[in-house]
Participant: 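Let me give you the structure first, and then I'll get to my questions.
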Amino acid sequence: MPAQQPAVSVIMPVLNEERHLRDSVRHILGQEYAGEMEVVIALGPSTDRTDEIAADLVREDPRVVTVPNPTGRTPAALNAAIKASRHPIVVRVDGHGMLSPDYIATAVRLLEETGAQNVGGIMHAEGENAWEDAVAAAMTSKIGVGNAAFHTGGQAGPAETVYLGVFRREALEQQGGYNEEFIRAQDWELNFRIREAGGLIWFSPELKVQYRPRPSVRALAKQYKDYGRWRHVVARYHSGSINLRYLAPPTAVCAIAAGVVAGAALTPWAFVVPAGYLAAITVGSVPAGKGLSLKARAQIPVALATMHMSWGFGFLTSPRSLAAKVIASRRPAVHRDLVGEA
């Protein structure tokens with residue numbers, strides 16, 4: 001690291017995060033980093049005590065400021081925070097993410113060593129009860145998320161996308177920030193544009209962010225349905241951006257649905273397909289659940305099925321109107337604001 005470490009802006013899109021916001025900001029302000037730092041929290045229209053907690057954080061530390069995000073949408077929050085921030089390195093952190101103590105220092109070093117425009121690491125899911133432990137195990141297993149390095153780990157190197165991200169400001173300004181039409185999958189879409197422009201996205205297992213999983217089956221299903229829905233929008237918007245890993249969940253949904261229908265209407269042998277899927281996730285949950293309580297291990301197949309089926313259903317039912325709306329926007333509307341133009 002150079003003797004004078006660059007100043008860093010941490011941007012946080014926040015909505016209904018009373019449970020984790022204070023801890024998340026504490027992990028940021030406690031970073032082992034000698035450079036100047038600011039934390040910009042973009043506040044959506046929360047219905048819990050998030051705004052009150054954020055106001056307390058502002059009073060307690062002059063490095064923390066807030067900006068409004070009346071839409072409540074994550075990409076709009078990120079762009080508002082980028083616009084309000086000042087420093088050459090921009091670190092994205094979510095309101096339920098906990099940075100490891102040397103996260104920022106390591107990320108700044110990796111930007112310098114690799115010349116990347118964005119570096120990121122592992123989304124280290126950790127639960128606070130049996131269900132969340134089960135979801136965390138599913139989210140960090142290959143049977144749950146395939147070979148996505150930012151979930152399961154792997155060797156450092158170029159990547160399609162990374163979790164959250166630590167950016168050079170010029171890369172964000174060049175791309176006009178996040179496309180606000182992408183309610184979900186905005187990270188993947190931005191990283192795709194950076195790569196298309198010749199920039200390097202770099203994954204490193206040295207970087208780790210503690211992540212709190214969704215607290216219920218319903219919340220997890222909604223999360224993954226939205227992931228699948230908006231990943232299909234990215235595929236329509238950026239031709240050639242899809243790969244076989246993303247097609248596995250919708251294929252499984254179709255195969256299981258066909259097996260159930262054929263089993264009920266034609267022959268019981270067709271039930272082999274859904275039965276085989278259930279057997280596969282049950283067996284696959286065994287290594288994923290090592291070290292967990294019996295209650296948590298028993299819930300891993302439920303978490304896996306919820307993730308797979310919800311993602312696949314969202315992908316299959318993603319309306320073309322969403323892609324049409326995104327395509328109509330083509331250039332993110334916030335571009336001029338981010339680069340300081342009128």
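All residue numbers in this chain count up from 1 along the given sequence.
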Participant: Starting from W188, can I reach L247 by hopping between I/L/V/M/F/W/Y residues whose side chains sit under 4.5 Å apart?
Facilitator: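 Same cluster.
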Participant: H27 and Y103: side-chain donor and acceptor closer than 3.5 Å?
Facilitator: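 No - no donor-acceptor pair under 3.5 Å links their side chains.
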Participant: Which heavy atom of L111 sits nearest a heavy atom of A116, and at what distance?
Facilitator: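 For L111 and A116, the tightest heavy-atom pair comes out as CD2-O, 3.4 Å.
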Participant: For F313, check ring-ring contact (aromatic ring centres under 6.0 Å, His included) against everything at least two apart and list the hits.
Facilitator: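 Partners of F313 under the ring-ring contact (aromatic ring centres under 6.0 Å, His included) test: none.
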Participant: Do M12 and I28 have side-chain heavy atoms sitting under 4.5 Å apart?
Facilitator: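 Heavy-atom side-chain distance check passes, below 4.5 Å.
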Participant: Short question: side chain of Q210, backbone of M98 - any donor-acceptor pair under 3.5 Å?
Facilitator: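 Absent.
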Participant: Within the structure provided, determine whether S100 and H124 are in side-chain contact (heavy-atom separation under 4.5 Å).
Facilitator: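 No, side chains not in contact.
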Participant: Who passes ring-ring contact (aromatic ring centres under 6.0 Å, His included) against H96, sequence neighbours left out?
Facilitator: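 Here the qualifying residues are Y211.
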Participant: Using modelled atom types and a 3.5 Å cut-off, is there a donor and acceptor pairing between side-chain atoms of Q299 and backbone atoms of K295?
Facilitator: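 Yes; at least one donor-acceptor contact below 3.5 Å.
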Participant: Which value, rounded to the nearest 0.5 Å, describes the distance between R212 atom CZ and S24 atom OG?
Facilitator: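 R212 atom CZ to S24 atom OG measures 10.0 Å (nearest 0.5 Å).
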Participant: Under 3.5 Å, side chain of Q186 to main-chain N/O of F182, donor-acceptor pair present?
Facilitator: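 Pair found, side chain donor or acceptor close to backbone of F182.
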Participant: Quick check: closest heavy atoms across R193 and G177, and the distance to 0.1 Å?
Facilitator: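 Heavy-atom minimum between the residues: NH2-O, 2.9 Å.
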Participant: For A134 and A303, which heavy atoms make the closest approach, and how far apart are they?
Facilitator: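 That closest heavy-atom pairing would be O-CB, 4.1 Å.
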Participant: Under 3.5 Å, which donor-acceptor pairs link side chains of residues 87-95 to any protein atom two or more places apart or in another chain?
Facilitator:
unit_1	atom_1	unit_2	atom_2	d
R92	NE	D94	OD1	3.2
R92	NH1	D187	OD1	2.6
R92	NH1	D187	OD2	2.8
R92	NH2	D94	OD1	2.9

Participant: Answer yes or no: is there an ion pair linking R231 with E160, defined by an N-O contact shorter than 4.0 Å?
Facilitator: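 E160 and R231: not salt-bridged.
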Participant: Are L220 and S310 close enough that some pair of their side-chain heavy atoms sits under 4.5 Å apart?
Facilitator: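 Of all side-chain heavy-atom pairs linking S310 with L220, none is under 4.5 Å.
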Participant: What heavy-atom pair brings L292 and R297 nearest, and what distance separates the two atoms?
Facilitator: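 Taking L292 first and R297 second, the nearest heavy atoms are O-NH1, 2.6 Å.
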Participant: So how far is it from R109 CZ to S204 OG, rounded to the nearest 0.5 Å?
Facilitator: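 Separation between the atoms: 7.0 Å.
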Participant: Please report the closest heavy-atom contact between A84 and V67, naming both atoms and the distance.
Facilitator: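 What the structure gives for the nearest pair is CB-CG1, 3.5 Å.
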Participant: Run the salt-bridge test on R73 and E180 with the 4.0 Å N-O cut-off and return the result as yes or no.
Facilitator: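 E180 and R73: not salt-bridged.
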Participant: For residues S85 and R169, determine if any side-chain heavy atom of one lies less than 4.5 Å from a side-chain heavy atom of the other.
Facilitator: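 SC-SC contact between S85 and R169 confirmed.
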Participant: Determine yes or no for a side-chain-to-main-chain donor-acceptor pair under 3.5 angstrom, with Q5 supplying the side chain and A34 the backbone.
Facilitator: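 Checked: pair present.
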Participant: Indicate the atoms forming the closest heavy-atom contact of P13 with A77, along with that distance.
Facilitator: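 Closest pair (atom of P13, atom of A77, distance): CB-CB, 3.6 Å.
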Participant: Got a sec, which residues hit side-chain hydrogen bond (donor to acceptor under 3.5 Å, both in side chains) with D23, two or more places apart in sequence or on another chain?
Facilitator: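 If we apply the side-chain hydrogen bond (donor to acceptor under 3.5 Å, both in side chains) test to D23, skipping adjacent residues, the hits are R26.
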Participant: Partners of P205 by side-chain contact (heavy atoms from CB on, under 4.5 Å), sequence neighbours excluded?
Facilitator: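 With neighbours one apart ignored, the set is I122, A156, F203.
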Participant: Backbone N or O of V166 within a donor-acceptor pair of the N118 side chain at under 3.5 Å?
Facilitator: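 Side chain of N118 to backbone of V166, a donor-acceptor pair under 3.5 Å: yes, one is there.
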Participant: Does V217 have any side-chain contact (heavy atoms from CB on, under 4.5 Å) partners at least two apart in sequence or in another chain, and if so, which?
Facilitator: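 Here the qualifying residues are W131, V302, T306.
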Participant: Is the closest side-chain heavy-atom distance between V39 and L57 below 4.5 Å?
Facilitator: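 Heavy-atom side-chain distance check fails, nothing below 4.5 Å.
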Participant: Taking C-beta and beyond as the side chain, do L164 and L207 meet within less than 4.5 Å on heavy atoms?
Facilitator: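 Sidechains of L207 and L164: no contact.
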Participant: Is the shortest heavy-atom distance from the side chain of P45 to the side chain of L15 under 4.5 Å?
Facilitator: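 Side-chain contact under 4.5 Å: yes.
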Participant: Is it the case that one hydrophobic cluster holds both L21 and V58, taking links as side-chain heavy atoms less than 4.5 Å apart, direct or via other members?
Facilitator: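 They do share one cluster, since a chain of ILVMFWY contacts under 4.5 Å joins L21 to V58.
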Participant: Does the plane of the ring in Y227 sit parallel, tilted or perpendicular to the ring in Y224? Use 30° and 60° as the thresholds.
Facilitator: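 Ring orientation of Y227 relative to Y224: perpendicular.
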